[in-house]
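The next block holds one structure in the form of C-alpha cells; read it before the comments.
Bear in mind that the values here come from a model prediction, so they are computed numbers and not experimental data. Start at 1 with the first residue, then count along the sequence. Heavy atoms only: backbone and side chains are in, while hydrogens, waters and symmetry mates are out.
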Amino acid sequence: MKNVTDSFISLSSAEGFGLNTNILETNIINLSVVLGVLIYFGKGVLSNLLDNRKQKILSTIQNSEELCKGAANQLEQARARLREVEMRAREIRVNGYSQIEQEKEDLINIASINLKQLENLKNETIHLEQQRVIEQVQKQISRQAVQRALGTLNSRLNSELHLRTIEHNIDLLLAMKNITD
C-alpha cells in the first residue's frame, strides 16, 4: 500500500506535496479515491451549477412564453384592427360607389333640366322671332297699302275731291268733339 500512496501522492521534503498525473503509474484504487473525493466535494458545486443553469433555462423559457403570449396578443389585436380596417374600407368602397351613382344620377337630372330649359328657351326665341317677323311683315304690308292708297288717291284725287274729303273729316272731328263734351 505504500506503493499505492507513493505512486499517487508524493510527500517528500524536497519535492513537496504533489499529484502524480501519469495514469500508467497510478492504479485503479488511487483513481477511485480521487474520483470519490471529486464526486463528494464536487457534488454540491455541480448540483449548484446545474440548479443555476436549470433556473436560467426555466426563467428563459418562462420569459419566452410570456413574450410569445404578448406577441400572440399583439398579433390578435393587429388582426382585429385589420378586420376593422377592412370592414371600414369595404364601407368606404360601398359608400363611394353609392355616392358616385347618386352624383351620376344628379348630373343626369341636372343635364335633363338644363336640356329642358334650353329647349324652352329655344322655343321662346323661335316664337319671339316669329312675332318680330310677323310684325315686320305687317308693317311692310301696311306701308305698301298706305303707299298704294296714297298713290291711288293722288292719281284720282283732284282738288275738289280733296276739299270735300277735308271738310268731311273736319265735320267728323267736330261731331266727335260734341259727343265727348
Side-chain angles (χ1 to χ4, degrees), residues 4 7-10 15-149:
V4 172
S7 67
F8 187 66
I9 300 175
S10 60
E15 295 178 15
F17 180 77
L19 288 176
N20 186 0
T21 56
N22 187 356
I23 282 189
L24 297 175
E25 291 180 4
T26 59
N27 61 19
I28 300 268
I29 295 172
N30 289 337
L31 286 175
S32 63
V33 168
V34 169
L35 285 175
V37 169
L38 283 176
I39 289 174
Y40 180 74
F41 289 112
K43 182 179 179 184
V45 173
L46 185 61
S47 134
N48 284 341
L49 288 174
L50 289 176
D51 285 342
N52 287 341
R53 182 68 180 150
K54 180 181 175 183
Q55 287 302 320
K56 285 182 184 179
I57 291 172
L58 288 176
S59 68
T60 303
I61 289 172
Q62 188 177 13
N63 288 340
S64 297
E65 287 175 351
E66 288 174 5
L67 289 175
C68 182
K69 286 179 186 177
N73 287 338
Q74 288 178 349
L75 178 63
E76 188 57 37
Q77 289 174 354
R79 285 181 180 163
R81 277 183 287 192
L82 177 64
R83 285 190 295 269
E84 290 174 9
V85 168
E86 285 175 343
M87 287 175 48
R88 181 69 178 135
R90 266 188 248 116
E91 288 175 7
I92 289 172
R93 195 175 308 119
V94 167
N95 290 340
Y97 290 143
S98 299
Q99 188 175 4
I100 288 170
E101 287 297 320
Q102 182 63 39
E103 288 179 9
K104 180 176 145 185
E105 289 176 15
D106 291 346
L107 286 174
I108 289 171
N109 291 337
I110 290 171
S112 175
I113 291 170
N114 287 342
L115 185 62
K116 286 178 184 176
Q117 289 175 345
L118 287 173
E119 185 70 27
N120 290 339
L121 186 62
K122 178 191 81 167
N123 290 337
E124 187 177 323
T125 304
I126 289 172
H127 180 69
L128 289 175
E129 194 62 30
Q130 285 175 344
Q131 291 295 333
R132 189 181 64 79
V133 168
I134 289 171
E135 286 177 9
Q136 281 180 344
V137 168
Q138 285 175 346
K139 284 180 184 178
Q140 210 171 22
I141 290 173
S142 297
R143 256 188 260 135
Q144 286 176 357
V146 168
Q147 284 176 356
R148 266 195 212 154

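To the nearest 0.5 Å, atom CD1 of residue Ile100 and atom CG of residue Leu107 are 11.5 Å apart. A distance of 11.0 Å separates CG of Leu58 from CG of Asn63, quoted to the nearest 0.5 Å. Atoms CD1 and CD, from Ile110 and Glu105 in turn, are 12.0 Å apart once rounded to the nearest 0.5 Å. The distance from the CG atom of Leu67 to the CD atom of Gln62 is 11.0 Å, given to the nearest 0.5 Å. The line from NZ of Lys56 to CD1 of Ile61 is 14.5 Å long, rounded to the nearest 0.5 Å.
Shown here are the side-chain contact (heavy atoms from CB on, under 4.5 Å) partners of Ile108, two or more places apart in sequence or in another chain: Lys104. Considering only residues two or more places apart in sequence or on other chains, Gln102 meets the side chain to side chain donor-acceptor pair (under 3.5 Å) condition with Asp106. Glu103 meets the side chain to side chain donor-acceptor pair (under 3.5 Å) test with Gln99; sequence neighbours excluded. Scanning for side-chain contact (heavy atoms from CB on, under 4.5 Å) contacts around Leu50 gives Leu46, with sequence neighbours left out. Taking the salt bridge (charged side-chain N to carboxylate O under 4.0 Å, His left out) definition, one finds that Arg79 meets it with nothing, sequence neighbours left out.
Tyr97 places none of its side-chain heavy atoms less than 4.5 Å from the side chain of Glu101.
Contact between Glu76 and Arg83 at its shortest, heavy atoms only, is OE2-NH2, 3.4 Å.
Looking at Glu91 and Arg88, a side-chain N of the basic residue comes within less than 4.0 Å of a carboxylate O on the acidic one, giving a salt bridge.
Among residues at least two apart or in separate chains, side chain to side chain donor-acceptor pair (under 3.5 Å) pairs with a member in residues 111-137 are Glu119-Lys122, Glu129-Arg132.
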